[in-house]
Number of protein chains: 2
Amino acid sequence: MPRIPKISESEWEIMKVIWRSNPITAEQIALQLPADIEWSDQTVRTFINRLLKKNAIGFEKSGRSYHYYPLVSEQECVRAESQSFLKRVFGGAADLMVTNFLEEAQLSDKEIERLQRILTEKQENKDRRPKM
Amino acid sequence: MPRIPKISESEWEIMKVIWRSNPITAEQIALQLPADIEWSDQTVRTFINRLLKKNAIGFEKSGRSYHYYPLVSEQECVRAESQSFLKRVFGGAADLMVTNFLEEAQLSDKEIERLQRILTEKQENKDRRPKM
DNA sequence: ATTTTATATTTACACTCGTAATATTAATGG
DNA sequence: CCATTAATATTACGAGTGTAAATATAAAAT
């Protein structure tokens, strides 16, 4: 039982909805999925159940319906998924990956500036903070 | 039959070896896998066969053994995999992803400088080149 | 209390993946 | 040419996924 369960592609869609607003009913989840996703109600419930089984989400009963909420944070999941992706595709080298993205992506001037600001801040923070 | 086939985690390991040096025999592929991977010979050949079936690689006979070579470039595969990852985890927002990485990753001063240089170059190139 | 109905649980089924064992084919040694 | 061997190809099998239908259960309405 790894802390962070493996979440499949379809399950990610469900999780994103639940992270955005919770607790939430199955019906609302189905409604709030991106428009280009066309799953039957049953399919949505199947994914919800699998997420329950994986302990990625929990629920509280309220009258007739269940209200689901996350048991793992988006942060954790993004981190885990990123690690896995990094390892698979770039052999774990984060800088290689960022480089690749910067080179391939179409970035607007605004975005470039924003990223540069983040980098600069990171540099300054590093100076100021004692290494630990 | 999508141009770029879906390559599984294990298959990526095989592909990385083949991209690095090819044409290459199954035996050599097995030998050149990272040390922490311990697959039986048969397992390696299973993955090779699946990659053949997916048209990710091809081969030429030479006497007793086959020599395998890639039919899809690393570039293409990295791009496809990145797209898929981006879509799944960040809803397709590349800048969001880069931001996240920059914020989470432990970057050395050297790396930060290198990334900044890349960003600066990108900015300049954009100016110089006519938009297309 | 019984029927309806909304909701959740169980079951289904074909495909991919990780992990091989077994079988077949082709080259090489004799 | 035939047997041995080395390499490839076929088959296997359980877990996970995408996709849902069928069934059970519990709440609401009558």
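Keep in mind that this is a model prediction, so the values were computed, not measured. By convention in this document, chain letters (A, B, ...) are assigned in the order of the sequence lines, proteins followed by strands, and residues within each chain are numbered from 1.
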Is Glu38(B) atom CD crowded by more than 12 heavy atoms from other residues, nucleotides or ligands, each under 6.0 Å away?
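Not more than 12 within 6.0 Å, no.
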Find which nucleotide of DNA chain D each of Glu38(A) and Glu11(A) is nearest to by heavy atoms, and output the residue with the more 5' nucleotide.
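It is Glu11(A) whose nearest nucleotide is closer to the 5' end.
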Using heavy atoms to find the nearest nucleotide of DNA chain D for Lys53(B) and Ser8(A) separately, return the residue whose nucleotide is more 5′.
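Looking at the nearest nucleotide for each, Lys53(B) comes out on the 5' side.
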OP1, OP2 of [N] versus side-chain N and O of [X]: anything below 4.0 Å?
X	N	result
Ser10(A)	dG18(D)	yes
Tyr66(A)	dT9(C)	yes
Arg64(B)	dA6(D)	no
Tyr68(A)	dT7(C)	no
Thr46(B)	dC17(C)	no
Trp39(B)	dG18(C)	no
Thr43(A)	dA20(D)	yes

Checking all strands, does [X] fall into the base, sugar-phosphate, or nothing category for heavy-atom contacts under 4.0 angstrom?
X	value
Lys54(B)	sugar-phosphate
Thr25(B)	nothing
Phe47(A)	base
Asn49(A)	base
Glu27(B)	nothing
Phe59(B)	nothing

Donor-acceptor check, side chain of Thr43(B) to backbone of Trp39(B), threshold 3.5 angstrom: yes or no?
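Here the side-chain-to-backbone pair does not exist.
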Looking only at atom types and distance, does a side-chain atom of Glu121(A) sit under 3.5 Å from a main-chain N or O of Ile118(A), one as donor and one as acceptor?
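It does not hold such a pair.
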For the atom pair CZ (Arg117(A)) and CD1 (Ile112(A)), what is the distance rounded to the nearest 0.5 Å?
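If we round to the nearest 0.5 Å, Arg117(A):CZ and Ile112(A):CD1 are 12.5 Å apart.
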Once you round to the nearest 0.5 Å, how far does CD1 of Ile57(B) lie from OH of Tyr68(B)?
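Answer for the CD1-OH pair, Ile57(B) versus Tyr68(B), is 6.5 Å.
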Measure NZ/Lys61(B) against P/dA26(C) and give the value in whole Å, please.
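Nearest whole value for this atom pair: 6 Å.
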Between the base of [N] and the side chain of [X], is there a donor and acceptor pair under 3.5 angstrom?
X	N	result
Gln42(B)	dA7(D)	no
Arg50(B)	dT19(C)	yes
Ser40(A)	dA20(D)	no
Ser65(B)	dA7(D)	no

